[in-house]
Engineer: 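Dropping a structure here in structure tokens format, bear with me for questions.
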Amino acid sequence: MPLTVTTDSGRPFRLTERIGGGAEGEVYAVDDGRALVAKLVPDPPDPDAYRRRLAGLVRQRREPRTVRLLAGSPPRVAWPLVAVHVRHPGGRRIDGYVMPDMRAAFAPFPRLLSPAAVAGGASAVGTGPTWVTALAAARSLAELLAGLHAEGYVVGDLKPENLWADGSGLVGLADVDSWQFTDGAEVFPGRMRSPGYTAPERFGSGAAPPDRASDAFALAVLVHQLLMAGLHPYAGHPGDGTDFRSLDDNVQNGRCRLTDRGSVVLPRSVPPADLLPRRLTALFRAAFGGERPEAAVWAAELTAAAAPERLAVCARNARHVHTVERPWCPWCDQAARGADSYPAGGAAGRT
Amino acid sequence: MSDGAPEGPALSDGWVERQPVVLLLDTSASMARPPDRPRIDELNAALAEWFEGEHTARLRSRVEVCLLTFDSQVRVYDPQRAELVPVAGADPDALFVPLGRLRPPRLVAGGLTRMTEAVEAGLDLAAARHRSLQRQQVMVRRPFLWLLTDGAPSDPEGRPLDARALAPVAQRVRRAEARDACVFQAIGVRGADLALLRVLAPKAALYLDTLGFRSILEVLFQSSDRLGAASEAEETHAHIRQQAENRRLAEELEKML
């Protein structure tokens, strides 16, 4: 007997294979003419609340604010289309939902964080990403986040594993069932947080729930990683000689190369900090040590930084694209120190 | 489960957090049971499938693994020689292999269950590796120790150990967790003495009878990546329990696929 999930009105969807698993749920391919997948959450902390959350999200899909968010092609958010459930052999009802299969238009986002490894040819990212792709993805992500913030949604658990990107840097989002939102009658809080992407105010007991500002922190981390070939802004061994504990510990103690140069020790091969345009450096410093810029501000500044007249291409390696503010090529500087994040030809290039 | 990136930032580059894992595997005689479907065969198949399968770029770029086996002897896998060697005298730094590059040896079941010695050796190896990477200024997180067993600990003569005999090593585990030096998780499968595992790891002993070794490995490795190192060891244990329950329910559903 195949594994079939059904909607409340009895419509069946046949699942074919498991294609992924997250912290709370499992994702399966759906046997359907359209590109669909189903997520099942076997053991949510509060099954009734989870069912109400899914019903709320499915209803929200018809609301003008969500329609605006989902406009455009391909749709950039894997919004729940319909709630489904299945009876577990043990008797328990397991809930989930059917959503668009992001694999139809996008590739997993994490590959953008290791550009040196993404070769051309078979890759969905074309001839291999450059810093232009990184800027485009950063801008696309900031615009997407600004858009959903404007409509009253909070992502809460913004991290690479929930994101998708196509070869041009267009970014999409999945795992909508972990978002924080209200349908007017009930507030559905975001609970999830992920190591390395949690804003400092969200640690500890009695920590703040996610909000636009904590999303903006995760956005700044992701933009930094995109523009710095994967490097986390709080990466580094503590500069004061104490033991490293975690990126989260560095976040809580303000150990960040951009805001306090001596606070961390980093390998020589990391991308140099001076590859960032001045205005973006200022935004990062604000995000990690001052007044956090909102997603819309990032979107505007990244748009400006990505303008063709703001970019230069290295004479020695066409994949070395950098800001015109630097008369030298920062990626060649990095290569001279042992690692080329954008090797010519797209082959993996650790030297 | 791969996310399609051929290689992440290389582990050796030191750009990302490093997560050492010591996997302590029971290879005593009971693992040769039942005769028609020995558990050791399932474990070997699961190890091969998990380590030779695809992993997310994130796991590949962060996790390094040391394989330790215990029966009448405690041995570790030496990746240079591609064989199990006595744990005494082995160089801890040479025993940890990036997740994607580990090619596990074929394990053979036989002998006693020298579990306490294995835990002591695992704690020593984990501590030595952690110290060495801290000295090299690598962004290393506290090591994880995961113990898989289908039995109960025995002394050198094969007599079962009782709770009192387990107390010293249990206390060492507890102290190490309390000062954030490691996180220890004990997983029992069919036949395991859960009561004794609970002495060893009061909040971190799980009996996963219905989950195959392959799923157990997946739950453990996936959970290694989902919690901040700031979380208490206890939070990690609760998370693994929850993940195992999720996987069990899903696996039973998937039988219908």
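Atoms considered below: every heavy atom in the structure, side chains included; atoms not considered: hydrogens, waters and symmetry mates. Chain identifiers are assigned alphabetically (A, B, ...) following the order of the sequence lines, protein sequences preceding nucleic acid strands; residue numbering begins at 1 within each chain. As the structure is a prediction and not an experimental result, all values here were calculated from the model.
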Engineer: Can you tell which of B:Glu245, B:Glu254, B:Arg247, B:His130 has the highest number of heavy-atom pairs within less than 4.5 Å of chain A?
Structural biologist: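 Ranked by contacts with chain A, first place is B:Arg247.
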Engineer: Ignoring hydrogens and geometry beyond distance, is a side-chain donor-acceptor pair present between B:Arg141 and B:Gln19 at under 3.5 Å?
Structural biologist: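 Side-chain D/A pair, B:Arg141 to B:Gln19: present.
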Engineer: Taking atom CZ as the centre, does B:Arg190 end up with more than 12 heavy-atom neighbours from other residues, nucleotides or ligands that are less than 6.0 angstrom away?
Structural biologist: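 No.
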Engineer: Just give me the residue among A:Gly90, A:Pro89, A:Pro238, A:Gly236 that pairs up with chain B most often, heavy atom to heavy atom, under 4.5 Å.
Structural biologist: A:Gly236
Engineer: Over 60° means perpendicular and under 30° means parallel, so classify the ring planes of A:Tyr234 and A:Phe217, tilted if in between.
Structural biologist: tilted
Engineer: Counting neighbours of CZ on A:Arg93 that are heavy atoms of other residues, nucleotides or ligands and sit closer than 6.0 Å, is the number greater than 12?
Structural biologist: yes
Engineer: Give, as side chain, backbone, both or neither, the part of A:Val264 having an atom under 4.5 angstrom from any heavy atom of chain B.
Structural biologist: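 Neither; nothing under 4.5 Å.
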Engineer: Heavy-atom distance under 4.5 Å to chain B: side chain of A:Arg14, backbone, both or neither?
Structural biologist: neither
Engineer: Pick one of side chain, backbone, both or neither for A:Tyr28, based on which atoms fall under 4.5 Å of a heavy atom in chain B.
Structural biologist: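 When you check distances to chain B, only side chain atoms of A:Tyr28 fall under 4.5 Å.
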Engineer: Is a side-chain donor or acceptor of B:Glu64 paired with a backbone partner of B:Arg18 at a separation under 3.5 angstrom?
Structural biologist: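 Here the side-chain-to-backbone pair does not exist.
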Engineer: Check B:Lys255 with B:Glu251, please: is the shortest side-chain N to carboxylate O separation under 4.0 Å?
Structural biologist: no
Engineer: Non-hydrogen atoms of chain B under 4.5 Å away: do they reach the side chain of A:Leu266, the backbone, both or neither?
Structural biologist: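 Neither part, no heavy atoms under 4.5 Å.
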Engineer: Which answer fits B:Arg131, side chain, backbone, both or neither, if we ask what part of it has an atom under 4.5 Å from a heavy atom of chain A?
Structural biologist: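 Answer is side chain: those atoms of B:Arg131 sit under 4.5 Å from chain A.
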